[in-house]
Each structure stands twice: as structure tokens, then as C-alpha cells.
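For clarity, every value in this text was computed on a predicted model and none was experimentally measured. We name chains A, B, ... by the order of the sequence lines, and we start the count at 1 in each one.
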Amino acid sequence: MPELPEVETTLRGIEPALLDRKIADIKVRNPALRIPVARSIQHARGRSVVGLRRRAKYLLLDTPPLETGQPEGGLMIHLGMSGSLRITDPATAPRKHDHVELVMDSGACLRFNDPRRFGIFTWWDAPAEDHSLIAHLGPEPLGPDFSGKYLYTRSRNLRVAVKNFIMNSQVVVGVGNIYASEALHLAGIHPSRPAGRISLARYEVLDQVIREVLESAIRQGGTTLRDFTAPDAQPGYFAQDLRVYDRAGKACFKCGGEIRRKVLGQRATYFCVGCQR
DNA sequence: CTTTACGCCTGACGGC
DNA sequence: TGCCGTCAGGCGTAAA
């Protein structure tokens, strides 16, 4: 499932094939994504991709108008939980669940594949920051606006469990279910602890481990990046580093305690009974 | 306002 | 072997 590191890896993987290239054609095979693919994505046809950005788990392609009067904006892609992008030859037969594709003038082709169709492929009107899906998002976890002090200040008087707090995209973006459990374990914080009852010092630790776990995963994403265009590209680059996720009943690598599973906010949550308080 | 539940959807998996 | 129920998950939205 694409978390922030995999989206970042995806961005780096598709950039060489898209940057400064013209979108010659846009094909929609199945518009039934989480948000139906609208005809407006055709605004990008004939335009060049002059920039690729990531905001939270959204990929943004900048496509300036060719002549005055055309709309300013670009394409927005979200991978949902089963989406992926790959660069391929447009002559190759599409796979099952290849819903949208960009045919570049270079002859390369970007295909959006998403079995569960929780993803998004849509058009945004400039400025992208004002789009309803990203206008109210919190800071980037790897950016300068995210800090222990920020988490501490935002959480005062909140009774919500700290795991739900850091998974709230209005608080901070890109901390998915897996990394929330992993980061809290590394920080020694119990996932059920009320967010408003955690000290500044502990939030400073949490800030650091969130950065570390995401940066580490992005580095390992480089492995995924290399076979990104390969027909049999495999996800799961982070699986070997998981310390608590999906390890219920097993022993904690740090203290030997038992890893338990509980449901918080309708999500599977894993933690160690020995070293998380 | 905060908090919780639900729905979208397919594939993997276990039970029979 | 195949059928069926259950679960997983990002995240917006409705409901409480």
C-alpha cells in the first residue's frame, strides 16, 4: 500500500519520463475511481509537464497553458491504497485495472493501475494549494513546519488517542497506518495515550522518529525505484524493517515484551506492552 | 466543535 | 474444486 515514501519514490520514478515532455494523448479506460475521472483532465492534452510535485500523498503535474485563455492548472494523482504508476511502451497491451494513461510525445506512456479504485486522477485549477483536497492539510512531516513543539501545541486539551492524532491529515500529512504504529514504538509511546497528555520532550522524540522512519523508507524505496518500470515490479520494500506492524503475539525486538494488536479508530494498531507507555 | 461510523472496491484468505 | 464470508486499507463524508 502506498504510504508517503512510496509516493515519493513513485514521483522520482516517473519524473524522467514526464518532465519537459508533451502529453500527446490521455486515455481513460475506466473513469470509476473514488472521484469519477472528469472530462476536464483533457485540459492537459497537448501541454508539456514542466514540473512534478508531491503534497501529502498527492502527485501534482504542472501543465501551463499553451495560449492565453486556457485554464491554468494541472493533473493530480492519488494512489489510494492499491494504485501504482508505471512507465511503459504505449504499444504494449494494458493490464487489468489500467484505468488511465498519459501518452507522451516521446513515445513513452504513463499508466495508472488501481485494482480497488480508491485512487484519484483529476484536474486541478491553479493554484493547486487551493484545491479542496489539499487546502486544509497539515504540514509535511519532512518539512520545516513540523516539529515536536508543533505537535505539543496542537495537541493541548485533546483526548484523542495519539495514534489517531498523528494520522489526522489536518495535523500532519503522510503518516499512514503502518508508520504510525512503527513511529510510536520507536518513541516508546503507547498508541492509546491521549494526545493532550504527552510532554513536549516526548513529542520531540516522536518528531525525530517520524522523520527517521519516513526517510529510511524513502531510501529503501530506491530499490523499488530501480525496478519501477519492470513488468514484475514488487512492492514491500519496507516489510523487513517492521518492528511491530503485523507482529501480534511475537516478541518485541527491543525489550522482548509481547506485541499486541488492538483496533483504534477502525484501524489495526500494533504496540509492545513492555516498552510503550 | 469533536468524535465516530460508514462506504467505496477487489484480492487474499480461511472455512466448508 | 469452488463458493462464500471476512478483512484490509486511504480518506472524504455523514451522522451522532
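Within the structure, the salt bridge (Lys or Arg N to Asp or Glu O under 4.0 Å) test picks out the following pairs touching residues 123-136 of chain A (sequence neighbours left out): A:Arg53-A:Glu129. Residue pairs meeting the salt bridge (Lys or Arg N to Asp or Glu O under 4.0 Å) criterion with at least one partner in residues 150-166 of chain A, sequence neighbours excluded, do not occur; the list is empty. Applying the salt bridge (Lys or Arg N to Asp or Glu O under 4.0 Å) test to pairs two or more places apart or on separate chains, those with a residue in residues 111-122 of chain A are A:Glu101-A:Arg111. For residues 138-151 of chain A, the set of pairs meeting the salt bridge (Lys or Arg N to Asp or Glu O under 4.0 Å) definition, not counting sequence neighbours, comprises A:Arg54-A:Glu140, A:Arg55-A:Glu140.
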Q: Going 5' to 3' through nucleotides 11-16 of chain C, assign each nucleotide B (protein heavy atom under 4.0 Å from a base atom), S (under 4.0 Å only from sugar-phosphate atoms) or - (no protein heavy atom that close).
A: BS----
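Nucleotide C:dG10 holds its C1' atom 13 Å from the CD atom of A:Glu6, rounded to whole Å. Atom-to-atom, CD of A:Glu3 to C1' of C:dA8 comes out at 13 Å; the value is rounded to the nearest Å.
With sequence neighbours excluded, the residues forming a side-chain contact (heavy atoms from CB on, under 4.5 Å) with A:Lys262 are A:Ser192, A:Leu264, A:Thr269, A:Phe271, listed by chain and number. Judged as a salt bridge (charged side-chain N to carboxylate O under 4.0 Å, His left out), and not counting sequence neighbours, A:Arg47 has no contacts.
Side chains of A:Gln42 and A:Arg45: a donor on one and an acceptor on the other come within 3.5 Å.
Note on A:Ala268: only backbone sugar-phosphate atoms sit closer than 4.0 angstrom, heavy atoms only; bases stay farther off.
Taking five base pairs at each end of the helix from B:dT2-C:dA16 to B:dC16-C:dG2 and finding the rotation axis that steps the C1' atoms of four pairs onto the next four gives two axes whose angle is 50°, to the nearest 10°.
Side-chain heavy-atom separations under 4.5 angstrom define the hydrophobic clusters, and A:Leu66 shares its cluster with no other residue.
Put simply, A:Arg117 has a side-chain N or O that comes within less than 4.0 Å of OP1 or OP2 on B:dT10.
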